[in-house]
Amino acid sequence: MKHIDNIPSTPGKVKMEKSPYNRLRIHFSLAKLTFWSFVFLGLIFVFFYRSPASTSPVSSDLSRRSLRTNSYGGPDWEKRIKASAKVRSRNGISVLVTGAAGFVGTHVSVALKRRGDGVLGLDNFNEYYDPSLKRARQALLERTGVHVVEGDINDATLLKKLFDIVPFSHVMHLAAQAGVRYAMENPGSYVHSNIAGLVNVLEICKSVNPQPAIVWASSSSVYGLNTKVPFSEKDRTDQPASLYAATKKAGEEIAHTYNHIYGLSLTGLRFFTVYGPWGRPDMAYFFFTRDILKGKSIPIFEAANHGTVARDFTYIDDIVKGCLAALDTAEKSTGSGGKKKDPAQLRVFNLGNTSPVPVSDLVSILERLLKVKAKRLVMKLPRNGDVQFTHANISSAHKELGYKPTTDLQTGLKKFVRWYLNYYGNGKKSAQ
């Protein structure tokens with residue numbers, strides 16, 4: 001498969017620990033109370049941020065930005081959509097990719113298109129990070145033959161219109177409000193996109209006929225404060241360390257509900273620290289590169305007692321292979337017209353690299369590749385949602401998807417730096 005980084009810029013049984021009956025009952029009751037309290041608060045937030053009567057400036061601004069949709073409709077518009085979604089291979093699929101102008105969305109869309117699948121993108125081009133980078137990705141997609149509709153996943157009318165034009169066999173739902181730390185600044189955006197947006201997509205999918213199979217992006221963040229490593233899909237995920245993680249965990253519960261009630265085929269993918277060309281400027285490897293080139297100091301976090309902070313960095317090409325494998329093995333949804341007929345497939349997989357690397361080692365690699373010494377500023381790990389380490393157990397993905405990451409951090413960062421220097425011109429072009 002050709003990659004897009006060179007394109008010019010423009011197992012075992014689980015044993016339950018024995019404990020007194022009353023302790024189990026209390027633990028269960030507390031867990032139940034915690035879960036339903038979160039659901040209740042989530043519904044309040046959804047109502048608040050979607051209510052037209054709300055006078056909150058944050059809510060109003062959020063609605064203006066996220067529901068900003070270009071005018072759509074007409075023969076030419078529909079023609080572009082049909083052309084982009086046309087399947088050109090014998091056994092191809094037609095896929096609606098939400099968040100198509102995002103980092104993972106762009107790479108997945110290109111890969112699908114190049115193998116002959118029909119692909120239509122959807123993105124609202126919000127301003128969480130530099131929109132010009134998203135527009136550059138959009139231009140790349142258009143050159144590849146993927147049309148991106150500018151619109152929001154909370155726009156039910158638009159989504160229904162797209163399904164009226166194209167009976168998508170699959171949905172790759174990647175649109176979301178990303179970032180752990182930003183949740184402390186704008187919590188409403190996470191509920192709006194990651195909960196309300198997901199529900200809206202699922203509502204449309206369960207109502208159309210035929211129902212599409214859905215693969216969607218969860219996150220390794222759902223493991224939260226879990227200390228058992230490597231993280232397995234069977235591990236507890238009820239200790240989120242950030243609102244972002246909580247909304248992704250809520251998404252997994254919502255997916256279970258729509259699978260159970262409406263027969264939607266749903267596969268959740270827990271991504272582990274994805275990096276590579278065309279990446280997100282808010283990720284450490286990205287802004288470390290920017291600041292090293294500019295001679296600025298970069299924060300190197302350490303845990304309590306000088307503990308090492310490490311991440312399971314996963315190269316984008318490996319993530320793409322996992323996404324395509326999830327789409328290819330997704331079974332058909334079993335409902336029709338909003339009614340379930342038979343049990344449907346429900347899965348969740350870790351997609352990681354299984355080789356955690358200390359963040360300080362990441363910086364050392366970047367220093368060698370950039371030929372610039374970093375100004376390191378060692379700091380304590382803040383209590384803002386970050387966790388000390390991530391480490392994926394990918395045995396399930398390997399067995400069910402044939403997933404096998406092949407790119408080590410040194411190789412992946414070399415490709416990223418090459419793209420970065422080409423796109424930003426050795427730091428001369430601003431990387432916001």
Side-chain angles (χ1 to χ4, degrees), residues 1-10 97 99-115 119 121 123 125 128-146 148 172 174 178-179 217 269 271-294 311-324 351-353 355 357 359 362-363 365-372 405-432:
M1 179 190 297
K2 291 175 67 178
H3 305 298
I4 65 176
D5 54 302
N6 290 325
I7 295 179
S9 56
T10 198
V97 180
F103 174 31
V104 178
T106 296
H107 285 266
V108 169
S109 296
V110 169
L112 287 169
K113 194 67 176 181
R114 285 180 172 170
R115 71 177 196 175
V119 187
D123 205 290
F125 296 91
Y128 168 60
Y129 61 81
D130 185 12
S132 68
L133 179 57
K134 300 178 184 181
R135 292 299 180 182
R137 297 191 192 121
Q138 179 188 25
L140 167 62
L141 290 173
E142 295 286 352
R143 293 196 299 271
T144 311
V146 177
V148 181
M172 187 77 211
L174 298 170
L269 303 177
F271 297 151
F272 280 72
T273 317
V274 190
Y275 72 100
W278 296 98
R280 284 181 14 222
D282 64 318
M283 298 294 285
Y285 73 93
F286 199 114
F287 66 76
F288 280 179
T289 299
R290 176 196 66 202
D291 291 345
I292 289 174
L293 287 172
K294 291 186 175 182
R311 292 289 180 268
D312 198 349
F313 296 101
T314 313
Y315 190 62
I316 183 62
D317 287 358
D318 292 322
I319 290 293
V320 170
K321 291 174 184 176
C323 289
L324 268 59
L351 293 187
N353 195 53
S355 300
V357 177
V359 174
L362 164 75
V363 175
I365 295 174
L366 287 175
E367 287 177 323
R368 291 195 295 270
L369 293 171
L370 296 170
K371 296 180 175 58
V372 178
T406 59
T407 310
D408 60 57
L409 187 59
Q410 172 78 31
T411 302
L413 284 178
K414 183 176 182 179
K415 294 180 179 180
F416 165 73
V417 167
R418 182 173 59 200
W419 168 83
Y420 185 96
L421 296 178
N422 184 38
Y423 185 83
Y424 290 108
N426 292 295
K428 295 177 181 178
K429 183 178 179 181
S430 177
Q432 298 178 358

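Note that these values count all heavy atoms, side chains included, but never hydrogens, waters or copies made by symmetry.
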Inset, instruction - For T407 and P405, indicate whether the former's side chain and the latter's backbone hold a donor-acceptor pair under 3.5 Å. - result: no
Inset, instruction - Could you give me the CA-CA distance, side-chain angles and deciding distance for L421 and L293, then say whether side-chain contact (heavy atoms from CB on, under 4.5 Å) is met? - result: CA-CA 10 Å; L421 296 178; L293 287 172; 3.9 Å; yes
Inset, instruction - Determine, step by step, whether K294 and R290 satisfy the side-chain contact (heavy atoms from CB on, under 4.5 Å) criterion, reporting the C-alpha distance in whole Å, the side-chain angles of both residues, the deciding distance to 0.1 Å, and the verdict. - result: CA-CA 6 Å; K294 291 186 175 182; R290 176 196 66 202; 4.1 Å; yes
Legend entry - Whether D312 side chain and S355 backbone form a donor-acceptor pair below 3.5 Å: yes
Legend entry - I365 CD1 to L413 CG distance, which is reported to the nearest 0.5 Å: 5.5 Å
Inset, instruction - With rounding to the nearest 0.5 Å, note down the distance linking NZ in K414 to CZ in R368. - result: 12.0 Å
Inset, instruction - Measure the OG1-CG distance between T273 and N353 for me, rounded to the nearest 0.5 Å. - result: 10.0 Å
Legend entry - Inter-residue atom distance I316.CD1 - K321.NZ, 0.5 Å rounding: 11.5 Å
Inset, instruction - Find out whether L362 and E367 are in side-chain contact, i.e. whether some heavy atom of one side chain is under 4.5 Å from a heavy atom of the other. - result: no
Inset, instruction - Report yes if the side chains of R280 and L133 come closer than 4.5 Å at any heavy-atom pair, otherwise no. - result: no
Inset, instruction - Look at the side chain of T106 and the backbone N and O of R137, then say whether any donor-acceptor pair between them is shorter than 3.5 Å. - result: no
Legend entry - Side chain to side chain, F271 and T314, heavy atoms closer than 4.5 Å: no
Inset, instruction - Sequence neighbours left out, what passes side-chain contact (heavy atoms from CB on, under 4.5 Å) with V357? Give chain and number order. - result: F313, D361, L409
Legend entry - Spacing of CZ belonging to F416 relative to CG belonging to L366, to within rounding of 0.5 Å: 7.5 Å
Inset, instruction - Identify the heavy atoms of G179 and D282 that sit nearest to each other, and give their distance. - result: CA-OD2, 4.2 Å
Inset, instruction - Could you tell me whether the side chain of F103 reaches within less than 4.5 Å of the side chain of P281, counting heavy atoms only? - result: no
Legend entry - Counterpart residues, side-chain hydrogen bond (donor to acceptor under 3.5 Å, both in side chains), relative to T411 (two or more places apart): D408
Legend entry - Side-chain touch Y424/T289, heavy atoms, less than 4.5 angstrom: no
Legend entry - Atom pair CG (L140) and OG (S109), whose distance is rounded to the nearest 0.5 Å: 10.0 Å
Inset, instruction - State, yes or no, whether a side-chain contact exists between Q138 and V146 at a heavy-atom distance under 4.5 Å. - result: no
Inset, instruction - Look at the rings of Y423 and W419 and say which category their plane angle falls in: under 30° parallel, 30 to 60° tilted, over 60° perpendicular. - result: parallel
Inset, instruction - Please tell me if the side chains of V274 and Y315 come closer than 4.5 Å, counting only heavy atoms from C-beta onward. - result: no
Legend entry - Distance-minimising heavy-atom pair for A111 and V320: CB-CG1, 3.6 Å
Legend entry - Y275 ring center within less than 6.0 Å of F286 ring center: no
Legend entry - Backbone of G102 reached by a side-chain donor or acceptor of H107 within 3.5 Å: no
Inset, instruction - Could you tell me whether the side chain of D318 and the main chain of G352 form a donor-acceptor pair under 3.5 Å? - result: no
